[in-house]
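Excluded from the calculations below are hydrogen atoms, water molecules and symmetry mates; all remaining heavy atoms, backbone and side chain alike, are included.
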Amino acid sequence: MNYKKLELLLAEYKVYDSWEYVLSLLEHMEDMDISKSIISTVYKHRQDCLAEISNNILQKAVADGSATVTTNTFYELAVDICGVKLDDCCLLKKTSNEFFHYARICLDSLIQIANAALLGEKAIDVSKVSITKLLDKLKNESCFTGIYKIFCAIKDDAVYKYICEFDNFMKHIKAHLIVVSNSFMIGNKNEFKIMNFVKNKQIFAEEDAISKIEETYNFTVDSIEKILNEIIIYLPNCLKNDNRIQNVKFEQVFRKDKSSTAVEYTILFIEVKNELSELPSDLAIHPLLIKANQEIFEYNIPFDTIFIRKQGKSNNIVGCATKTSIRENDNYYVHYSVRSCTKEEYDQYLSNFRTKYPSCSFNMCAMEGIITLA
């Protein structure tokens, strides 16, 4: 998967708010990879150690006529992490539970990415997103038929149901489902299993842990690859992003006195060709600029007012956009209401700027503009 290509497309189609969920996905995919690696390595270490200990005891018994087994005999089973000895069974149980939780988060992140990237301003509230609600939205849109079918297949898959219900069971019931048990000296018992459990009136059978973890990993990685590739295809069909503005201009004026140089004012602009009516009444604004080297710069606006001017005419103010009430997703595309304004309002903003914004961050890399020294 080309994640840089995905990031650039999310920025280009003005759904860059979905990128934070991609970053979360990548982080938890790494967590899932590490967990899987720890599980396989520690369990192999356990089997190898038990075989070696058993062999050493038999050799000693043959050589000396007897051999003693104590709790110290199994000291080598402990896993050394930075000098701390951890019980290998506890580590296997803990890491297995974490593995399924990370797989669940990866799939949840995938749903959040699709929600933000494909639905835009019509996205489901981030705190209420679920695969069922996403499917309800997608099924009514003929432009999303392909990705709708893939999400349906994921939702109906037995592995997806297992991941979700295992994670739910562990969160709410908190019973130990992972069992690690190996024969020593006598017998041939090698068990590392997930016990059967019941969740939402559905019975989930006992599973070999290593096999189930491998199956879960392959399903999760495959689902991520399929959905992200489909999102790239369907991005041009985003339901509503026409009121989103990323192209914002700025003017920043510094005033110098005998001892220092300070910002006199910073003003942001949206440009129209001729009239205020070219813009929708509600704007969702997030300054963002894609540089020639494909680096993306963005800026979270701290200002309540953005002015609207005619293209190429710095002093021809035709209106302004004022920040409306904060919404759930306003950490990226902040909503502003468009209205007309007078020259007096503009002048008042400039004169009151230092009082209203005595200190604020500013990322000029995310916008094109002019800096002057008064």
Side-chain angles (χ1 to χ4, degrees), residues 1 21 24-44 46 89-115 124 128-136 138-139 147-181 190-231:
M1 181 67 206
Y21 302 116
S24 174
L25 171 66
L26 292 173
E27 181 180 335
H28 288 101
M29 283 178 69
E30 184 178 4
D31 292 337
M32 186 176 66
D33 284 344
I34 292 170
S35 296
K36 181 174 178 288
S37 179
I38 290 172
I39 291 164
S40 60
T41 302
V42 171
Y43 190 58
K44 185 179 184 303
R46 175 181 175 82
C89 288
C90 290
L91 184 59
L92 285 170
K93 293 174 184 179
K94 174 182 180 295
T95 311
S96 297
N97 290 337
E98 290 171 345
F99 170 83
F100 284 100
H101 182 60
Y102 294 141
R104 171 70 181 275
I105 294 176
C106 286
L107 294 168
D108 285 350
S109 297
L110 205 56
I111 296 164
Q112 293 281 13
I113 295 165
N115 176 54
I124 305 161
K128 298 176 182 178
V129 177
S130 68
I131 194 167
T132 302
K133 290 180 180 179
L134 178 64
L135 286 171
D136 286 342
L138 296 179
K139 73 179 179 182
I147 198 167
Y148 171 75
K149 289 179 179 178
I150 295 175
F151 266 121
C152 282
I154 290 172
K155 181 177 180 289
D156 294 337
D157 196 287
V159 180
Y160 178 76
K161 292 177 181 178
Y162 190 94
I163 293 168
C164 294
E165 298 304 351
F166 180 95
D167 190 51
N168 290 337
F169 186 91
M170 294 309 300
K171 283 192 294 187
H172 302 299
I173 309 299
K174 296 182 181 178
H176 294 291
L177 293 177
I178 311 295
V179 174
V180 184
S181 179
N190 286 298
E191 289 186 345
F192 178 23
K193 63 184 180 180
I194 306 172
M195 299 296 290
N196 66 297
F197 64 98
V198 179
K199 193 78 174 85
N200 290 330
K201 300 181 180 180
Q202 185 173 356
I203 300 173
F204 294 90
E206 181 181 296
E207 300 276 1
D208 173 74
I210 294 293
S211 299
K212 196 64 183 179
I213 286 167
E214 187 68 28
E215 180 186 39
T216 297
Y217 180 84
N218 291 337
F219 171 82
T220 304
V221 171
D222 184 58
S223 298
I224 291 167
E225 189 78 12
K226 285 179 180 177
I227 291 296
L228 292 184
N229 281 321
E230 288 295 305
I231 286 174

Search all heavy atoms of [X] against all heavy atoms of [Y] and return the closest pair with its distance.
| X | Y | value |
| --- | --- | --- |
| Phe204 | Lys199 | CE1-O, 4.1 Å |
| Ile210 | Ile39 | CD1-CG2, 3.9 Å |
| Thr220 | Ala103 | OG1-CB, 3.8 Å |
| Ser35 | Thr95 | O-CG2, 3.5 Å |
| Lys226 | Ile150 | CB-CG2, 4.4 Å |
| Ser223 | Leu107 | CB-CD2, 4.1 Å |

(Q) Closer than 4.0 angstrom, basic N to acidic O: yes or no for Asp167 and Lys171? (A) yes

Q | Glu98 bridged to Lys94 by N-O distance under 4.0 Å | A |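 A salt bridge is present here (some side-chain N lies under 4.0 Å from a carboxylate O).
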
**Q.** Short side-chain to backbone donor-acceptor contact, Arg104 and Cys164, under 3.5 Å
**A.** yes

(Q) Donor-acceptor check, side chain of Ser40 to backbone of Ser37, threshold 3.5 angstrom: yes or no? (A)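 Looks like yes, one N/O pair under 3.5 Å.
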
[atom2] on [Y] to [atom1] on [X], rounded to 0.5 Å:
| X | Y | atom1 | atom2 | value |
| --- | --- | --- | --- | --- |
| Ser130 | Ile111 | OG | CD1 | 7.0 Å |
| Thr41 | Ile34 | OG1 | CD1 | 11.5 Å |
| Met32 | Ile224 | CE | CD1 | 5.5 Å |
| Lys193 | Glu206 | NZ | CD | 4.0 Å |
| Arg46 | Leu91 | CZ | CG | 11.5 Å |
| Ser96 | Lys212 | OG | NZ | 13.5 Å |

Q: Measure the acute angle between the ring planes of Phe197 and Phe169, then classify it against the limits of 30° and 60° as parallel, tilted or perpendicular.
A: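 It falls in the tilted class, 30° to 60°.
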
Q: Evaluate the ring planes of His28 and Tyr102, with Trp represented by its six-membered ring, and classify them as parallel (under 30°), tilted (30 to 60°) or perpendicular (over 60°).
A: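 Ring orientation of His28 relative to Tyr102: tilted.
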
**Q.** Residues in side-chain hydrogen bond (donor to acceptor under 3.5 Å, both in side chains) contact with Lys44, at least two apart in sequence or another chain
**A.**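 Result, side-chain hydrogen bond (donor to acceptor under 3.5 Å, both in side chains) vs Lys44: Asp48.
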
**Q.** Steps toward side-chain contact (heavy atoms from CB on, under 4.5 Å) verdict (Asn218, Glu214)
**A.** CA-CA 6 Å; Asn218 291 337; Glu214 187 68 28; 3.7 Å; yes

Kindly indicate whether the side chain of [X], heavy atoms from C-beta on, has any atom under 4.5 Å from the side chain of [Y].
| X | Y | value |
| --- | --- | --- |
| Asn196 | Glu207 | no |
| Leu177 | Met170 | yes |
| Leu25 | Ile113 | yes |

Q | Residue pair Ile105, Asp31: steps toward the side-chain contact (heavy atoms from CB on, under 4.5 Å) verdict | A | CA-CA 10 Å; Ile105 294 176; Asp31 292 337; over 6 Å; no

Q. What salt bridge (Lys or Arg N to Asp or Glu O under 4.0 Å) pairs are there with at least one residue in residues 148-160, not counting sequence neighbours?
A. none

**Q.** Centroid-centroid distance, Phe99 to Phe166, less than 6.0 Å
**A.** no

Q: Please assess Ile213 against Phe100 for the test side-chain contact (heavy atoms from CB on, under 4.5 Å), listing each intermediate value before the final yes or no.
A: CA-CA 8 Å; Ile213 286 167; Phe100 284 100; 4.0 Å; yes

**Q.** Stepwise side-chain contact (heavy atoms from CB on, under 4.5 Å) test for Asn229 and Met1
**A.** CA-CA 8 Å; Asn229 281 321; Met1 181 67 206; 3.6 Å; yes

